[in-house]
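Each remark here refers to the structure printed beneath this line.
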Amino acid sequence: MCGIVGIVGRGAVNQALYDALLVLQHRGQDAAGIVTCNGGTLSLRKDNGLVRDVFKQRHMARLQGNMGIAHVRYPTAGCSSSAEAQPFYVNSPYGITLAHNGNLVNADALKEELFREDLRHINTDSDSEVLLNVFAHELQIRGKLRVDQDDVFEAVRGVHRRCSGGYAAVAMIPGYGILGFRDPHGIRPAVYGRRDTDQGPEYMIASESVALDTLGFQLEGDIEPGEAVFIDIQGHVYRRQCAETPEHAPCLFEFVYFARPDSIIDNISVHKARARMGKKLATRIKKKWPDHDIDVVIPIPDTSRTAALSLASTLGVRYSEGFIKNRYIGRTFIMPGQMARRKSVRQKLNPIDLEFKRKNVLLVDDSIVRGTTSRQIVQMARDAGARKVYFASAAPPVRHPNVYGIDMPAASELVAHGRSEEQVCSWIGADRLIYQALPDLVEAVRKPSRSHVMRFDTSVFDGHYVTGDVTPEYLHRLECRRNDGAKSQGSGDKGHLDLHNDE
């Protein structure tokens, strides 16, 4: 999962891009990058690390220009190499830069095609560089010294014809403007907004609306599935549908876990969706366990708080904060390597014993993925004196890998893969486990009548991949690339070419 930002401003945009990345830091903590355009000159800074660590005052001073794009990243395959930090740059045509959130399922075939037919060299293992080169080639074959919005949209149309998977991207063309586009299923989110200044309007494209809110931009809307939005350097906005058969199917897991609760995605409030998840889960508990003996509902911070509070209210059970979180430890779900995750759980959470002693506790989390964190937290609750420890997941069992840009790696590393709910309950050490039902989750997210989303990508729960081209062979290759063993072997940088990175 990654976060993307693009801004066309009336003054320097370096600080605004930095601030937006801070807001989107939850979408990636492995690497960060900013590239700005000052006239025809590009300035780039990117490296591994958190936003606050990658950008120092000397870097910010050199990121000059009224237009730029930015990215926060975490790796979905292989190593967390600085060679794969974004944005990426390609010299021809026009000096295009691009930042991408998602994953291309046909990246290997595209890489071969780019080499043999388009005569382009791919320098990293990142499918984002593949996406950039496909777009660059589609724009280059227009054969024009100067391009306009029609050329840009035709290039995006070519991207949609050739690329399969989940992708939301921002690209910058020096001297022309910034482009945002989204795959024909709208799997990964992208929004755009406007703020008015004395010098004229400024525009931002971002992964989530919260980035717009915090910088004073008004949300104009989502970039629709298959749509492209082009903002030129004069501040003119052009929109066009570039896919032949778009079908809206956003990732359901964005609402469960990844997105910030104060974001609005596809006209759906993430906060309200999570509150409805809690109500649905409480209703399920009442139906399946009417004589429950739950004394207190305790969320596992932070993502599950909204659902847990709603669940407790619906059940009529006391809600309490039982864990204190160290906010300086990263999200364990996206930490490469199982050993790093195991170590970080104890560092990240500490129980308040008074909330657990001699109580039957219902712990609520947004989901259970590998199960390692859940298992340790259940034991922490017991060590704190809980009489019984029950566990509720606001999402159904995660049984299948995600192929569209979320690091749910090898199926064998998913605790629910090949296990029944009772077996998962036993594995994490809980006295009882309650999962959300998939139809209830879909209804909880889709419920507002003003939302036009009729289908979601639910592949991590049911194995149905919306692009229709995910084969068992592809899943096997993905498992080999993403498992913890592969990640631990790929911790070093490869040799690479980095033309513009400002150290």
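Position 1 is the first residue of the sequence, and the numbers go up from there.
Proximity of a side-chain donor or acceptor of H417 to a complementary backbone N or O of R399 within less than 3.5 Å is detected. Proximity of a side-chain donor or acceptor of K348 to a complementary backbone N or O of K325 within less than 3.5 Å is not detected. A donor-acceptor pair under 3.5 Å links the side-chain atoms of E227 to the main chain of E224, judged by distance alone. Between the side chain of S310 and the backbone N or O of R276 there is no donor-acceptor pair closer than 3.5 Å. Judged by distance alone, the side chain of D457 and the main-chain N or O of P250 form no donor-acceptor pair under 3.5 Å. Between the side chain of D232 and the backbone N or O of G235 there is at least one donor-acceptor pair closer than 3.5 Å. The closest donor-acceptor contact from the side chain of E117 to the backbone of L119 lies at 3.5 Å or more, if one exists at all. Although no hydrogens or angles enter the test, the distance criterion places no donor-acceptor pair under 3.5 Å between the side chain of K46 and the main chain of I34. N91 places no side-chain N or O within donor-acceptor distance of the main-chain N or O of G95, the cut-off being under 3.5 Å. Using modelled atom types, no side-chain atom of T467 and backbone atom of G165 make a donor-acceptor pair closer than 3.5 Å.
D366 approaches S393 most closely through the heavy-atom pair O-OG, 3.8 Å. Taking both residues in full, the closest heavy atoms of A155 and F135 are given as CB-CE1, 3.6 Å, listed atom of the first, atom of the second, then distance. Nearest heavy atom pair, residue P397 against residue E421, reads CG-OE2, 4.1 Å. The two residues A307 and A394 have their closest heavy-atom pair at CB-CB, 4.3 Å. Minimum heavy-atom separation, Q86 to H100: OE1-N, 2.8 Å. Residues C242 and F153 approach most closely at SG-O, 3.6 Å, considering heavy atoms.
For the salt bridge (charged side-chain N to carboxylate O under 4.0 Å, His left out) condition, the pairs that include at least one residue of residues 180-189, sequence neighbours left out, are R182-D266, R188-E254.
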- Item | side chain to side chain contact (heavy atoms under 4.5 Å, CB included) evaluation trace for I264 with V270 | CA-CA 6 Å; I264 297 173; V270 177; over 6 Å; no
- Message: Using the rule given for side chain to side chain contact (heavy atoms under 4.5 Å, CB included), can you reason through L110 versus C163, listing the C-alpha separation, both sets of side-chain angles and the distance that settles it, and then say yes or no?
- Response: CA-CA 8 Å; L110 284 171; C163 298; 3.8 Å; yes
- Message: Before you tell me yes or no, could you show the steps for V466 and I187 under side chain to side chain contact (heavy atoms under 4.5 Å, CB included), namely the whole-Å CA-CA distance, both residues' side-chain angles and the distance that decides it to 0.1 Å?
- Response: CA-CA 9 Å; V466 295; I187 298 171; 3.7 Å; yes
- Between R274 and Y257, is a side-chain hydrogen bond (donor to acceptor under 3.5 Å, both in side chains) present by the stated rule, with each step listed? CA-CA 9 Å; R274 289 176 182 168; Y257 175 79; over 6 Å; no
- Task: Go through the steps for V51 and V72 under the test side chain to side chain contact (heavy atoms under 4.5 Å, CB included), then give the verdict.
- Result: CA-CA 8 Å; V51 174; V72 287; 3.6 Å; yes
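The pair E208-R27 meets the salt-bridge criterion, since a charged nitrogen lies less than 4.0 angstrom from a carboxylate oxygen. Using a cutoff of 4.0 Å between basic side-chain nitrogens and carboxylate oxygens, E112 and R116 are scored as salt-bridged. Ion pairing of R240 with D150 is present here, as a side-chain N (NZ or NE/NH1/NH2) and a carboxylate O approach within less than 4.0 Å. Under 4.0 Å is where a charged nitrogen must lie from a carboxylate oxygen, and between E202 and R195 at least one such pair does.
Side-chain contact, R52 with Y18: no donor N or O sits under 3.5 Å from an acceptor N or O. Residues E129 and T124 bring a donor and an acceptor atom of their side chains to less than 3.5 Å of each other. Neither side chain, T36 nor N14, offers a donor N or O lying under 3.5 Å from an acceptor on the other.
Contact annotation: the side chain of L475 approaches that of Y465 to within less than 4.5 Å [non-hydrogen atoms, C-beta and beyond]. Taking the side chain as every heavy atom from C-beta outward, F391 and D365 approach each other to under 4.5 Å. Contact of the F258 side chain with the H26 side chain is not registered, since no non-hydrogen atoms from C-beta on lie closer than 4.5 Å. Residues Y167 and Y404 fail the side-chain proximity criterion, which asks for heavy atoms closer than 4.5 Å. With a 4.5 Å cut-off on side-chain heavy atoms, R446 and H452 do not count as touching. At least one side-chain heavy atom of V442 sits under 4.5 Å from a side-chain heavy atom of L252. Side-chain contact check for L98 versus F88: every heavy-atom pair is 4.5 Å or farther apart. The closest side-chain heavy-atom distance from M277 to V256 is below 4.5 Å.
Note that NZ of K111 is 6.5 Å distant from CG of D108, once rounded to the nearest 0.5 Å. Distance check, rounded to the nearest 0.5 Å: OG of S92 to CG of N133 gives 10.0 Å. Taking CD1 of I173 as the reference point, atom CD1 of I233 lies at 11.0 Å (rounded to 0.5 Å). Put simply, CZ on F461 and OH on Y435 are 10.0 Å apart, with the number rounded to the nearest 0.5 Å. Once rounded to the nearest 0.5 Å, the distance linking OH of Y203 with CZ of F230 reads 13.5 Å. To the nearest 0.5 Å, the span separating CG on N101 from CD1 on I4 amounts to 6.0 Å.
Aromatic pair H185/H248: centroids not less than 6.0 angstrom apart.
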Show me the donor-acceptor pairs, under 3.5 Å and distance only, between side chains in residues 210-218 and residues at least two apart or in other chains.
from	atom 1	to	atom 2	distance (Å)
T214	OG1	V210	O	3.2
T214	OG1	A211	O	3.3

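Residue E138 forms a salt bridge (charged side-chain N to carboxylate O under 4.0 Å, His left out) with just one option from R157, R120, R162, and that option is R162.
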